[in-house]
Amino acid sequence: MARKSTTLGERENESESESEQRTGHVPDSSALLSILSAHAPLAVAFSGGVDSAVALAAAVRTWGRTGTLAVIADSPALARDELHGARRAAAEIGAELVVVATDEWTVPGYRENSGDRCYFCKRTVLARVAAVAAERGFHGVATGTHRDDRRAAHRPGLRAAAELGVAEPLADAGLGKREVRAVAAAWGLSVAEKPGTPCLSSRVAVGVPVTRERLGLVERAEELVRAELAAGRVPVTDVRVRLLAADFRIELGPPAYDWLGGRPERAGALLRRVAAATRLGPGTVARYRAGAVSTVPGPASGPGPGSGPGPGTGQRRTGRAGLLVPRPAGARRDGAPRAVSEGAS
């Protein structure tokens, strides 16, 4: 009889038919497990998201709990809710999680935020993860990078990972995002449908320096937005508060965007609270756009793509993607900035 495991990541003996009954589909994870078995045991750079969770669960299935280690980098760029979620995900998978403090935000290239911030981040974080792994007897590090990441136009973090010799078993197995989620669902991981949640630094516009204070402002602002949506009992998927050069933009996925769009007074009150928290303004609300990590600031930095003049004096509209929001007296009209993608955000 198959051994009944108390953790999801240790279901080595679950048959394909059992998995198919639970999910209706059995993704082929054999290549992933084969790749991991060809390596010596690797520590997994863990974030708590679906990609690194599948890499970690595969490592546990291959090497067991004692042969697996998850390491998460903790810095001001990591929201506290994300750290708590990562702890829960690692416990669910059945892996030991080591939380290591990192200081990537002090690195000049990271702080300057000129478009290749992720390179300096990954270079710093993965080197620290590798050091912790080596101390524990793991002589390599794996990440949750998948096939679609490698195809992205601008991923400077992948260059840093390559320089450090980091393994990318999901990508090597040919798994893209859809396949990764399918594997997560088949293995019963609770994060299978978790939205992407990149670091808080991804909310700061390119060219605006990343500081510890700004990271704290982003986290507080997003907490305010989530609290407002929770009060309205609105399902929350994607929430971003982008810090631009002189103002901010709240981006929401459906149905939160539609719900707030139908309540202009509530939207205005939320924008005022976020403006007070970030000490920026005026703000706008727009539909969430995957990959719109940041916008290049300039003398005409504005709320985002599709922005344009409002329909009347004292107002502005951000096109189909934005809400009508108050314009402070004497404020000028903003132009549309150029978007720069550094990965999904």
Side-chain angles (χ1 to χ4, degrees), residues 45-47 49 71-83 86 99-132 141 143 145 149 152-164 166 196-223 240-251 274-275 277-281 283 291-302 304 337-345:
F46 191 62
S47 69
V71 184
I72 187 169
D74 185 18
S75 79
L78 179 66
R80 296 303 88 187
D81 284 350
E82 289 301 309
L83 178 58
V99 180
V100 57
T102 58
D103 60 354
E104 66 275 10
W105 60 281
T106 68
V107 176
Y110 182 101
R111 190 170 58 245
E112 290 164 5
N113 194 25
S114 61
D116 57 354
R117 183 195 66 251
C118 284
Y119 171 81
F120 298 99
C121 175
K122 295 301 183 186
R123 183 82 195 184
T124 303
V125 167
L126 291 176
R128 185 75 181 98
V129 171
V132 172
V141 173
T143 67
T145 296
D149 292 327
H154 184 61
R155 284 297 178 96
L158 298 188
R159 177 162 56 92
E163 290 173 357
L164 294 169
V166 171
T197 49
C199 74
L200 297 175
S201 296
S202 68
R203 277 57 147 188
V204 182
V206 170
V208 175
V210 176
T211 65
R212 187 167 196 152
E213 180 185 29
R214 284 195 173 99
L215 296 175
L217 293 178
V218 170
E219 184 169 14
R220 173 59 180 153
E222 292 190 354
E223 287 173 352
R240 303 286 189 273
V241 175
R242 314 285 193 193
L243 297 191
L244 308 179
D247 58 3
F248 65 90
R249 181 173 68 244
I250 299 172
E251 293 185 9
V274 174
T278 60
R279 298 190 289 278
L280 289 171
V293 171
S294 51
T295 51
V296 175
S301 179
R338 177 172 60 89
V340 177
S341 175
E342 200 167 294
S345 153

According to salt bridge (Lys or Arg N to Asp or Glu O under 4.0 Å), who are the partners of Asp103, at least two apart in sequence or on a separate chain?
none
Please step through side-chain contact (heavy atoms from CB on, under 4.5 Å) for the pair Glu222 and Val218, ending with a clear verdict.
CA-CA 6 Å; Glu222 292 190 354; Val218 170; 3.9 Å; yes
What's the verdict on side-chain contact (heavy atoms from CB on, under 4.5 Å) for Arg155 and Cys118, showing C-alpha distance, side-chain angles and the deciding distance?
CA-CA 8 Å; Arg155 284 297 178 96; Cys118 284; over 6 Å; no
If you round to the nearest 0.5 Å, how far is NZ of Lys122 from CG of Asp116?
14.5 Å
Lys/Arg N to Asp/Glu carboxylate O, Glu251 vs Arg242, below 4.0 Å:
yes
Out of curiosity, Arg212 CZ to Leu200 CG, how far, rounded to the nearest 0.5 Å?
12.0 Å
Between OG of Ser201 and CG of Asn113, what distance do you get to the nearest 0.5 Å?
7.5 Å
To the nearest 0.5 angstrom, please state how far the CZ atom of Arg111 sits from the CH2 atom of Trp105.
8.5 Å
If you measure only the distance, is there a donor-acceptor pair under 3.5 Å linking the side chains of Thr102 and Glu104?
yes
Approximate separation, where rounding is to 0.5 Å, of Thr278 OG1 and Asp247 CG:
9.0 Å
Applying salt bridge (Lys or Arg N to Asp or Glu O under 4.0 Å) to Glu163 and not counting sequence neighbours gives Arg123, Arg159
Taking all non-hydrogen atoms of both residues, which atom of Val208 and which atom of Ala245 are closest, and how far apart?
CG2-CA, 4.0 Å
Nearest 0.5 Å, what's the CZ-CZ distance between Phe248 and Arg203?
15.0 Å
Pairing of Arg80 and Asp74 as salt bridge, 4.0 angstrom limit:
yes
